[in-house]
Structure formats: C-alpha cells, structure tokens
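Start at 1 and go down the list; that is how both ligands and their atoms are numbered. Residues take their numbers from the sequence shown, with the count starting at 1. Any value given below was found using the heavy atoms of this structure, including those in side chains, with hydrogens, waters and symmetry copies removed.
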Amino acid sequence: DGMDKLAPAASGCPFHGATAPNGCPVSHEAANFDAFTGPYQIDPPEALRWARAKEPVFYSPRLGYWVVTRYEDVKAVFRDNITFSPSIALEKVTPTSEEANAILRRYDYGMNRTLVNEDEPAHLERRRALLHSFLPEELAHHEPMVRRLTRQYVDRFIDRGEVDLVDEMLWEIPLTVALHFLGVPEEDMGALRQYSIAHTVNTWGRPSPEEQLKVAEAVGNFWQYAGRVLEKMRADPSGHGWMEYAIRRQKEMPDVITDSYLHSMMMAGIVAAHETTANATANALVLLLRNREAWDAICADPSLIPNAAEECLRLSGSIIAWRRLLTADARVGGVDIPKGERLLIVMTSANHDERHFENPDELDIYRDNTTEHLSFGYGSHQCMGKNLARMEMRIFLEELTRRLPHMELVPEQELEYLPNTSFRGPDHLRVRWNPALNPERRDPAILGRKVDFAIGAPERGAIARQMRVAEMRPEAEGVLGLALEDPNGHDLPGWTPGAHIDVTVGEYQRKYSLCGDAGDRRRLQVAIRREDLGRGGSAYIHTAIRPGDIIRVRGPKNHFRLDEGAEQYLLVAGGIGITPIIAMADRLRRLGKSYAIHYAGRSRAAMAFLDRLKRDHGARLHLYPKDEGICLNLPAVIAAASQDAQVYACGPERMLAMLEDAAVCRPERLHVEHFSAAEALLDPSVETPFEVELKDSGLSVPVPADRTLLQALHAAGIDVPSDCGEGLCGSCEVQVLEGEVDHRDKVLSAAERAGSARMMACCSRARGRKLTLAL
Ligand code: HEM
Ligand code: FES
C-alpha cells in the first residue's frame with residue numbers, strides 16, 4: 001500500500017524522518033518514545049505528559065503501536081470493542097525467536113482466547129455465563145479468608161521491625177485467594193509466582209534472546225501445570241471455584257465454554273487474579289506512605305480506606321496500558337488510523353489527564369470522582385474481578401493501618417519495576433517500624449477489631465474529611481453560624497456560590513449551604529437553623545457541638561450552580577434559605593451584574609445576616625418580615641422582573657412550589673435548591689419492575705419493584721457514582737439511549753426531561769418495561 005511502515009527495533013536506531021502508517025510524519029517525541037526503558041519505566045504518566053498536551057494519539061515506531069493517552073480517547077476505545085478488537089490483548093508485544101517458539105511447541109503451548117482477548121459475540125456469551133461468581137453476594141464468601149490470611153501474615157512479621165511486604169505478604173495472599181477463587185489447590189506457590197513473572201515478561205516485556213529461552217521454559221511449564229490442574233478438576237468439578245463452575249457450565253454450553261477456553265483461562269486466570277492485586281497494593285502503599293498525611297488520615301479514620309485505595313488505583317494502577325486491534329479504518333482522538341493497526345491505550349496516562357480529573361497528579365483521598373479511573377478498563381470487558389481486588393486491597397490496608405500505623409518506607413531503597421508495557425508494581429517494597437511502639441502491645445484489644453467494607457465501588461457517603469469547628473456564633477434567633485477549618489491548617493478545596501457541604505455529627509448527616517467568602521481557602525462557613533420539629537440533627541449541633549470539636553464533612557459540591565452568563569438576576573430566599581443566596585449575591589456584586597434579593601422570614605430577629613446584607617447589598621435588598629405584616633408576593637415579584645432575569649431561589653418547599661407555578665411559562669430561568677425530595681423514595685407496593693439493557697457492558701439487568709435502578713446496577717457489578725441517593729445532586733446521571741423515563745429527580749429541568757436522554761439512576765425509573773442505557 002506504499003506506506004512506509006517500520007518494524008519495531010530494540011534500541012538505538014533513530015526514527016527521524018519516519019512516516020506513520022497513515023502517511024503522516026512521526027514527531028521527534030514520538031520517535032523517541034520507548035515503552036521498555038527510560039522515562040516510561042520510571043514514571044509512565046509523566047513520560048506521556050507531552051503527548052497528552054500536544055499529540056494525544058501518536059505512532060510509536062519503536063513499538064509498532066499507536067499510543068492513546070487522553071482520558072476521553074482511551075474510554076472511547078474501550079467503549080467500542082467491535083472496531084477496536086481486544087484479540088491482541090494477550091499477544092506477545094515482542095515477537096519471540098524461533099528457538100524460544102520451539103521450546104513452547106515442545107510444551108504444546110496453546111494459550112488462546114479467554115475472555116479478555118475474545119471478540120463478540122463469543123465474549124459476551126461466555127462472560128454472561130460465568131459472571132455469577134463475581135456478584136457481590138458470591139464474593140462475600142471470600143472475605144473471611146482474606147481477613148484470616150492477612151492477620152496470619154502480619155503476625156509473622158509484626159515483631160520484627162522490618163519486612164519486604166512484596167515478598168512476605170503481597171504476592172502470597174492474592175495468589176492464595178486467587179487459587180481459592182478459581183478452585184485450584186494451594187500447592188507449588190513458589191513455582192506459580194515464577195511462572196506468573198515469566199508469563200508477564202513473555203507477553204508484555206522485551207526479553208533478550210537468552211531470557212526468551214528461560215521464559216519459554218517457565219511459560220511452557222505453566223501451561224502444562226494448568227492442563228494437569230484442569231484434568232484433576234474435570235474428574236470432580238463439584239467444588240466452589242470459578243473454574244469448577246465453568247466446567248459444570250461447559251456441559252450445558254460446550255460451544256461457549258470450550259476446552260481451549262478452559263485451559264487458557266486456567267493459566268491466564270492465575271495471573272489476572274493475583275499479580276494485578278499484589279502490584280496494585282504495593283503501588284498504593286508506596287503512594288500512601290510517601291503522602292504521610294493521607295496515611296495518617298486513613299489510620300485515624302478507616303472508613304476512608306475504600307476511596308483511598310481507589311485513588312491509588314487511579315494514580316498508580318497495576319495495569320497501566322492495554323491493547324486493541326483496529327478491525328476497520330477509524331478515527332481516534334482526531335487521528336485517522338488504518339485497519340489492522342494496533343493501539344496501546346495507556347490507562348495511567350488517561351487517569352492523569354487534567355481534562356478529566358482536577359489536580360490529576362495529586363493524591364486526594366477525598367476526591368469523589370476517583371472511581372471513574374480506567375485502571376480496570378471500561379465497558380463490556382471491564383475487569384470482572386475488580387470487586388475481589390478492591391476487597392483484598394481494603395483489607396490489607398485496614399489491617400496494616402490498624403496494626404502498623406507507625407510503619408514507614410525504608411528510605412534508601414530504590415524501587416525496581418519489571419520492564420514491560422502493561423503490568424506495574426515494585427519488585428520489592430521494604431518497610432520498617434519500631435516494634436516497641438506497636439499499638440497492640442499497649443492495647444491488645446485492637447487485634448480483635450476490624451472494619452468491614454461493603455463490596456463494590458467506594459460509596460461517596462464515606463468520603464468525608466475531618467474538620468475542626470473554629471468558631472461558633474449566633475447569626476439570628478435560633479440560627480448558629482459555624483466556621484470550619486482543616487485540623488492541620490491546610491488549605492481547603494475551593495467552592496462556588498450555591499455549593500454545600502454534608503456535615504456528619506453523631507448519627508446525623510445534613511446538607512448546609514456555604515455562606516462565607518468563596519475566596520477564603522482557610523475557612524468554610526455555614527449557618528444552621530435549629531429545627532425542633534426536624535429529625536434532630538440541627539438540635540444536636542446547637543447543643544452538643546463546641547468550638548474545637550472535630551466533625552466529618554463531605555464536599556464542598558455544587559448542585560445549585562450560578563450561571564454567570566446572564567445579565568439580570570432575581571434572588572429569592574425564605575428563612576435559612578438565605579445561605580446559598582447570600583454567596584450568590586456577593587458573587588454577582590463582584591461581577592457587576594444587575595440583581596435584586598427578595599428575602600422573607602418570620603421576623604427581623606430571626607433572619608440571618610441582615611447587617612451583612614444591608615452593608616453589602618443596600619438598595620438591592622428587599623426584606624419581608626412576616627411579623628411586620630410585610631409579605632412576599634411571589635407572582636408579583638416574578639411578573640415585575642425582566643423576562644431575561646435568571647431566578648435563583650432557596651427556601652421552604654411551599655415557597656418553591658409557588659415559584660414554580662409563577663414561572664410556569666419560562667421554567668428554564670428558574671433554579672431552585674431543594675433540601676429534601678420526599679417523592680423520590682421508593683414504595684415497592686406501587687412500583688413496577690422493569691429491565692435495563694446496558695449497551696457498553698452488553699448486559700441486561702432486571703430492576704425489581706423493591707430496588708432502585710442504582711441498586712440493581714451495583715448488584716450487577718456496574719460502578720455508577722452516587723451521592724445523595726434522593727435525586728438532588730445529579731451524580732448518578734446515566735445516559736438513556738432508548739425507552740421512556742419516569743423522572744423523579746429534582747435535578748433535570750422540564751426541557752431536559754422531555755428529551756429523555758438522561759436520567760438519575762438513584763430515583764427515576766422506566767415508564768415502560770425496558771430502558772437502554774449507555775453504560
Ligand atoms: C480484565 C485490571 C484484578 C479477572 C481486566 C482488564 C483490566 C484489568 C485492565 C481489561 C479490561 C478491558 O479490556 O476493558 C485488573 C486490575 C486488578 C485486577 C488492575 C487488580 C487491582 C482481577 C482479579 C480477577 C480479575 C482479582 C479475578 C478474580 C479479570 C477477568 C477479566 C479482567 C476475568 C476479563 C474480563 C473480560 O474480558 O470480559 N482486568 N484486574 N482481575 N480481569 Fe482484572
Ligand atoms: Fe444524587 Fe442520584 S445520587 S441524584
């Protein structure tokens with residue numbers, strides 16, 4: 001075809017002036033990119049920073065692959081596994097010598113399609129047939145074992161003061177768990193570790209000719225070993241393991257679960273299930289121990305562990321890149337790539353893309369979209385074992401933080417990584433501590449303690465930071481102002497007017513809008529009205545909280561954003577609803593916009609911030625204290641306002657309902673903040689069941705009458721983020737491709753609902769029997 005395609009070369013040869021297979025010239029950086037030495041081995045996401053910035057999809061002549069580096073592009077490739085076939089996922093990156101191939105032949109080596117490298121429609125048929133063992137209730141059976149093993153291994157070294165965690169814990173436990181999960185007897189653990197490393201080098205590495213021979217011997221042995229285990233299992237497939245389950249299912253569907261599949265999966269499964277988890281945990285420990293504050297935070301509050309582990313998977317996952325083959329000409333990130341070309345999609349680069357994650361290079365264990373990382377892949381091939389891996393990582397971290405909070409990395413060690421494109425984790429990880437300070441010597445009771453985590457993606461509800469109450473002062477009758485600071489004096493995350501935080505005190509959790517100065521990174525301010533008829537949270541804060549107390553706070557987050565593009569604004573507040581409104585008013589004043597504030601309350605004495613409002617907003621402020629007989633006539637205020645004015649309102653439901661009626665002709669200009677959404681709650685006696693078809697995952701999930709769509713998705717292993725759980729926040733939004741939605745949220749406008757292209761999974765349902773979602 002006349003294209004100047006280059007074969008991969010081991011080193012040295014400059015590729016200047018080379019042409020990519022689409023006819024375009026190869027840039028200097030692309031020519032120099034090497035996946036096996038140098039920057040990519042030292043710090044993979046950093047090594048591709050240039051690419052994310054200026055050449056997000058490039059051809060690497062040294063590798064012979066197109067490298068995809070941005071979040072959206074990597075996800076788009078994962079999403080379409082027809083155009084971008086995974087068939088090459090387990091192929092050797094480096095073609096082996098004839099001699100090495102002869103060794104493999106001698107062992108009858110026949111690694112073939114499993115799941116991860118299978119095309120449709122075979123892949124999904126097989127995946128669906130074998131999914132059962134990965135459902136949360138099935139995985140729960142493995143939890144006690146993970147806990148027991150972790151305790152046993154830690155017992156062995158806890159009094160020693162120093163250990164190589166990789167050698168003495170992180171390989172063996174995931175390997176044992178993996179064997180147990182698969183149903184393989186626990187023997188030859190040492191050999192299996194060596195086999196796994198050989199398999200990684202064989203598939204994703206660049207072994208020298210001599211190494212290739214050794215690797216081929218090990219891989220050949222691994223293959224034979226897998227075959228022997230399979231034969232034994234076939235003789236009695238009654239056990240609980242996933243492979244035994246597959247053997248049983250083979251009887252019903254021999255064309256879907258083939259002999260070749262079983263043999264290949266036996267070998268691939270051992271690697272998939274343990275090396276990844278061991279490496280991911282080692283990477284997480286490196287990150288957490290290097291960011292001591294984060295480590296200390298999870299020691300103090302283990303409920304942060306699931307999100308911290310997830311954030312570590314984002315920053316430093318154990319599978320950093322994966323492969324796809326183009327089955328047709330396609331455009332990736334604006335670059336035209338011919339059919340037959342190969343892609344290296346670099347998930348770790350995607351996970352560091354600032355187009356998707358704020359401050360992407362920072363470890364922020366409170367980050368609440370960290371689950372959107374691509375370290376488990378995405379779509380119909382997404383890692384089936386992710387929730388087992390998560391469970392193991394969390395239990396390792398929970399036991400280590402509780403029993404060895406004083407542990408640190410041995411400072412002088414240099415971490416070494418096996419050179420390859422895809423699997424990443426340190427070969428060794430030495431940590432040390434002073435055993436005399438082991439907390440269990442002082443207080444043996446901690447040995448019996450544990451924190452159990454729900455199986456699945458981290459729950460946003462648990463992502464809370466500790467904050468100290470810096471100041472408390474009355475803002476009006478029954479209204480208490482609270483200023484909160486970071487206990488260590490650090491800057492707080494920025495926020496925008498309309499944002500709120502979720503405050504957890506005792507057993508209560510409440511949302512409070514931020515009402516201080518949005519530019520102040522040291523303090524967050526809220527004002528809380530005592531509601532004696534409420535559910536008790538506000539009364540508790542008013543009576544039990546003292547300055548200096550530590551409370552748990554989630555956010556800030558904003559579901560009530562101020563659109564700064566308009567020219568005129570009408571701000572309406574009822575009672576304590578003034579809190580987001582005052583922050584908006586301050587912002588509008590600073591922007592020099594035209595606005596008016598209408599603020600109604602019981603009496604002047606009960607209305608918060610009057611002095612501040614009068615001082616800063618003077619003539620724009622209109623007050624309606626009820627006890628003075630001054631009433632807010634909403635229809636009149638709306639009618640008098642300019643047709644272009646954007647209306648922002650927060651207050652009692654009664655007031656918001658009246659506003660909605662008054663604004664009925666121009667609903668798109670009305671923005672309201674609700675603090676509860678009672679009608680979103682599920683009443684199984686009146687609901688009807690329906691089914692959702694998930695386009696990207698190739699699954700069909702039933703949603704019974706007594707479950708929300710969100711719950712049904714989680715039970716099927718699909719990670720959809722969620723937050724409020726009652727249709728207020730918009731974080732559980734999913735894209736609807738087909739079917740009519742019964743919207744019950746408070747997030748979407750009437751126009752957005754009419755389009756039916758989006759829905760909130762936590763509360764909305766199908767009108768008919770079925771919905772198709774882009775998930
Ligand atoms: C697939 C990562 C642990 C079983 C995958 C894929 C990735 C991945 C990137 C390919 C996804 C795609 O093509 O979209 C990881 C990581 C792990 C981990 C980072 C640990 C932290 C596990 C465990 C198991 C497992 C513990 C088994 C118990 C599988 C299977 C597939 C897969 C069966 C193939 C799914 C399919 O193609 O349908 N994993 N994995 N993984 N993983 Fe994992
Ligand atoms: Fe908040 Fe669904 S989780 S809208």
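Looking from atom 1 (Fe) of ligand 2 to the surrounding protein, the closest heavy atom is Cys729 SG, 2.2 Å. Nearest to atom 4 (S) of ligand 2 among the protein's heavy atoms is Gly730 N, 3.2 Å.
Here is the list of ligand 1 atoms found below 4.0 Å of a heavy atom in Ala280: 21 (C). Near Leu388, meaning under 4.0 Å from one of its heavy atoms, ligand 1 places the atoms 28 (C). Heavy-atom proximity to Gln382, at under 4.0 Å, picks out these atoms of ligand 1: 14 (O). Atoms of ligand 1 found under 4.0 Å from any heavy atom of Met347 (numbered from 1 in listed order, with element): 9 (C). Close approach of ligand 1 to Ala389 (heavy-atom distance below 4.0 Å) involves ligand atoms 3 (C), 20 (C), 21 (C).
A cation-pi arrangement, defined by a distance under 6.0 Å to the six-membered ring centre and an angle within 45 degrees of its axis, is absent between Arg765 and Phe690.
Remark: ligand 1 and Leu115 share an N or O pair separated by less than 3.5 Å (distance only, no angle test). At a 3.5 angstrom cut-off on N or O pairs, Arg127 counts as close to ligand 1.
Note: Trp242 and Phe134 have perpendicular aromatic rings, judged against thresholds of 30 and 60 degrees for the angle between ring planes.
Looking at Ala178, Cys383, Ala272 and measuring to atom 15 (C) of ligand 1, the nearest heavy atom belongs to Cys383. The closest non-hydrogen atom to atom 2 (C) of ligand 1, taken over Ile320, Ile345, Leu131, Ile319, comes from Ile319.
Under the 4.5 Å side-chain criterion, counting only non-hydrogen atoms from C-beta, Thr401 is not in contact with Phe396.
For a distance bound of 2.8 Å, the N, O or S atoms of Cys763 include none lying that close to atom 2 (Fe) of ligand 2.
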